[in-house]
Trainee: 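The structure that follows is given in the form of structure tokens.
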2 protein chains.
Amino acid sequence: MGDLMTTPKSMKQAISTSIRSTLLELGSATKAELSEALDISFPTISKFLGQMGKEGEVLELGQDDSSGGRRAKRYAYNPEYSLGLAVFLEKSATHYALFNCAGKVKEQGTEASVLTGNSIELLEALITGCLEKHPKISSLSIGVPGAINNGRVIYIPDYGQLQDFDLKTHLEKRFSMPTAVENDMNAAVLGYHRHQGMSAEQSLVYIYLGQNGPGAGIMVNGDVVRGSTFFSGEISLIPQYDQANFWQALEQKNRNDALGRMVASISAILNPHQIIFSYEDISQSELKEITEASSQFIPSEHLPELISSDWKQDYLHGLKSLGLRLMLNPN
Amino acid sequence: MGDLMTTPKSMKQAISTSIRSTLLELGSATKAELSEALDISFPTISKFLGQMGKEGEVLELGQDDSSGGRRAKRYAYNPEYSLGLAVFLEKSATHYALFNCAGKVKEQGTEASVLTGNSIELLEALITGCLEKHPKISSLSIGVPGAINNGRVIYIPDYGQLQDFDLKTHLEKRFSMPTAVENDMNAAVLGYHRHQGMSAEQSLVYIYLGQNGPGAGIMVNGDVVRGSTFFSGEISLIPQYDQANFWQALEQKNRNDALGRMVASISAILNPHQIIFSYEDISQSELKEITEASSQFIPSEHLPELISSDWKQDYLHGLKSLGLRLMLNPN
DNA sequence: CCAACTTATTAAACTTCTTTAATAAGTTTT
DNA sequence: AAAACTTATTAAAGAAGTTTAATAAGTTGG
């Protein structure tokens, strides 16, 4: 039975973290508002906020207009208190983005591909460079186009040095900094989900139609679905016609019928709230045709909303969100 | 952000609940063992156990053999301290089972069908009868062959009185007792998962091949998958051949090939650890053939283990587990 | 069989959050 | 402009778990 109980020991951490995220979520707040929102007593909030103010983590914005009595002070999280570094490992290049606690990107750039260069040193050099320029960096999040198990690269074709390598632990030791390593599609669903402020109940499937075959990232009950062998979302292999799976059908048969069947399969099994495509892969008019095709198999009231979104953005949001969580929650 | 933090207010409940479940899980324990297992200080455990002993909730089993010093007292949860009632609403009849905290069934029986009788009064009469005979009953769990949203019957064909009825709230008010209402397939996966002591990471799909068409219960990351319109697991509608969905294929095409494609679809999307069939639906030799059929679509290392299990038992375990959780965790 | 040593349990001191009371700082009314 | 009233903040008292010290109950070796 997974123990998720806050013992008095871990209390301090839990309170700090929840104050941080609420402050960022609300933009700013008074002590009373925080106490109300978090169900933590006023004096406790006051004490923590005092400490965080002293360390520059929280800023005083001034006074609220009076609501009839003494005016309340308004506080905000200092978005520049710490920075996060997100690195996107891709075949052709390695991108990186530096963001603050408010999620604002402060700097981004592109370097030679760590993957084709096939050397972790390249990645380490990139990180070292950023760290020297920005000593406030306090979290790393790495996106990888391969199967990841708890920070370890399980399967990444063609890039030998990373194969079966525990990247998370390696980087955490190397830079003594909390690090997240996540698959690209999983980061994208996560990013879309969190950026849209969706609730845990809302399940999503994010579809990618690349030249290496289609793939999907899946979120159910607020968590990414990984599968027993980290093979979930390999939708290219769904059987669809007498003789063709989804990938084959995409190329050999009617594209929108194949896509419609894929949506139908996912709906029959998972019945997600939304299925998201990259706007680069699919146009709005195609979405309509796909919906129509899938409604030949599934009653339309049970079909998901088909959305087109910006994959790169969602991927970035995903890595930002992972990094942010590490920055706010020093475990 | 879903607040899952134990404030000092809810502390007492959280500690009691965790002591209860650990005691039941381990069978018996010393105070030191509980303190160790739960990461709660010895004095606190001691205090709570004292209180629970006074109320008859916990029994003293005697002394352990000495491990070199003073002998430790051994405690166990009193399995008869409270009982749970599980009710299985089925088309042809209504079954019920009475079980104690250790999960042991103390009594079971069958009554006229609440569904075809189409009257909630029948259900209430059954429960009232049990309650009079066994005043220690302290939880209700109801299994329903229909879509359930948070205790409300969302969709159940042919049984008008239950349609769109908040059964959970109704029964909780009527009998002032914590109540769980769950779909039959969902209860079965849950029961299998918990009874096998599986971890949250292990995902399952429980397949049922009834005369009303196949259906499935799905568990991912330790939670039941419900879908946006509570339509998840409606695998009968998976497109499989040029012109046939799964249900049609089951009847018109080669049965094991259809089943193999169904397994392949689920594996390509979810990649679960196991797919479970009712032993009444599928024989061991058929399982092999299905595996073979699905391996034409999916590399075998990514295929789930195909299991045959006792559906009725798993369903019972599911309702027991839901009831037990309510008995141990008075919210 | 008693001294030396282990281990379990109880008691006392400590920490930390909450609740309640007191004080400070505004606003409005007369 | 002072009295009456609101609301924010600070201070003191209370509650509940943890840590540390003290005591009780066994075991073992000379």
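What's counted below: heavy atoms across the whole structure, side chains too, no hydrogens, waters or symmetry copies. Sequence lines set the chain letters: A, B, ... in the order given, protein chains first and strands last, and positions in each chain run from 1.
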Trainee: Using a 4.0 Å heavy-atom cut-off, write out nucleotides 16-23 of chain D from 5' to 3' as B (base contacted by protein), S (sugar-phosphate only) or - (no contact).
Mentor: SSBB----
Trainee: Give a yes or no on whether the backbone of Ser18(A) and the side-chain of Thr22(A) come within a donor-acceptor separation of less than 3.5 Å.
Mentor: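 Judged by distance alone, yes, a pair lies under 3.5 Å.
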Trainee: Within less than 4.0 Å of OP1 or OP2 of dA8(C), is there a side-chain N or O belonging to Thr30(B)?
Mentor: no
Trainee: Provide, to the nearest angstrom, the distance between the CG atom belonging to Asp64(B) and the P atom belonging to dA8(C).
Mentor: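 Computing the Asp64(B):CG to dA8(C):P distance gives 9 Å.
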Trainee: Would you say dA8(D) has OP1 or OP2 under 4.0 Å from some side-chain N or O of Gln63(A)?
Mentor: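 Looking at the OP1 and OP2 atoms of dA8(D), neither is under 4.0 Å from any side-chain N or O of Gln63(A).
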Trainee: Could you tell me the separation between the CG atom of Leu49(A) and the P atom of dA8(D), rounded to a whole number of Å?
Mentor: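 Rounded to the whole Å, the gap is 15 Å.
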Trainee: Sequence neighbours left out, cut at 3.5 Å: what donor-acceptor pairs do the side chains of residues 79-86 of chain A make with other protein atoms?
Mentor:
{"from": "Glu80(A)", "atom 1": "OE2", "to": "Asn100(A)", "atom 2": "ND2", "distance (Å)": "3.0"}
{"from": "Glu80(A)", "atom 1": "OE2", "to": "Lys106(A)", "atom 2": "NZ", "distance (Å)": "3.1"}
{"from": "Ser82(A)", "atom 1": "OG", "to": "Ser138(A)", "atom 2": "OG", "distance (Å)": "3.4"}

Trainee: Does Lys54(B) have any side chain to side chain donor-acceptor pair (under 3.5 Å) partners at least two apart in sequence or in another chain, and if so, which?
Mentor: none
Trainee: Using whole Å, report how far NZ of Lys31(A) lies from P of dT7(D).
Mentor: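 Distance check: Lys31(A) NZ to dT7(D) P gives 19 Å.
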Trainee: What is the separation between atom NZ on Lys73(B) and atom C1' on dT10(C), rounded to the nearest whole Å?
Mentor: 11 Å
Trainee: Rounded to the nearest angstrom, tell me the gap between atom CZ in Arg74(A) and atom P in dA8(D).
Mentor: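 After rounding, the gap between these two atoms is 11 Å.
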Trainee: Applying side chain to side chain donor-acceptor pair (under 3.5 Å), name anything that partners Asp166(B), two or more places apart in sequence or on another chain.
Mentor: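 Expected list: Thr169(B).
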Trainee: From the set dT27(D), dA8(C), dT10(D), return the single nucleotide nearest to any side-chain atom of Arg71(B).
Mentor: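 Looking only at heavy atoms from C-beta outward on Arg71(B), the closest nucleotide is dT27(D).
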Trainee: Residues in side chain to side chain donor-acceptor pair (under 3.5 Å) with Ser176(B), at least two apart?
Mentor: none
Trainee: Between dT7(C) atom P and Glu33(B) atom CD, what is the distance in whole Å?
Mentor: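 About 14 Å, once rounded to whole Å.
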Trainee: Applying side-chain contact (heavy atoms from CB on, under 4.5 Å), name anything that partners Ala200(A), two or more places apart in sequence or on another chain.
Mentor: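 Result, side-chain contact (heavy atoms from CB on, under 4.5 Å) vs Ala200(A): none returned.
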Trainee: Take the protein atom CD of Glu60(B) and the nucleotide atom C1' of dT9(C), then report the distance between them rounded to whole Å.
Mentor: 13 Å
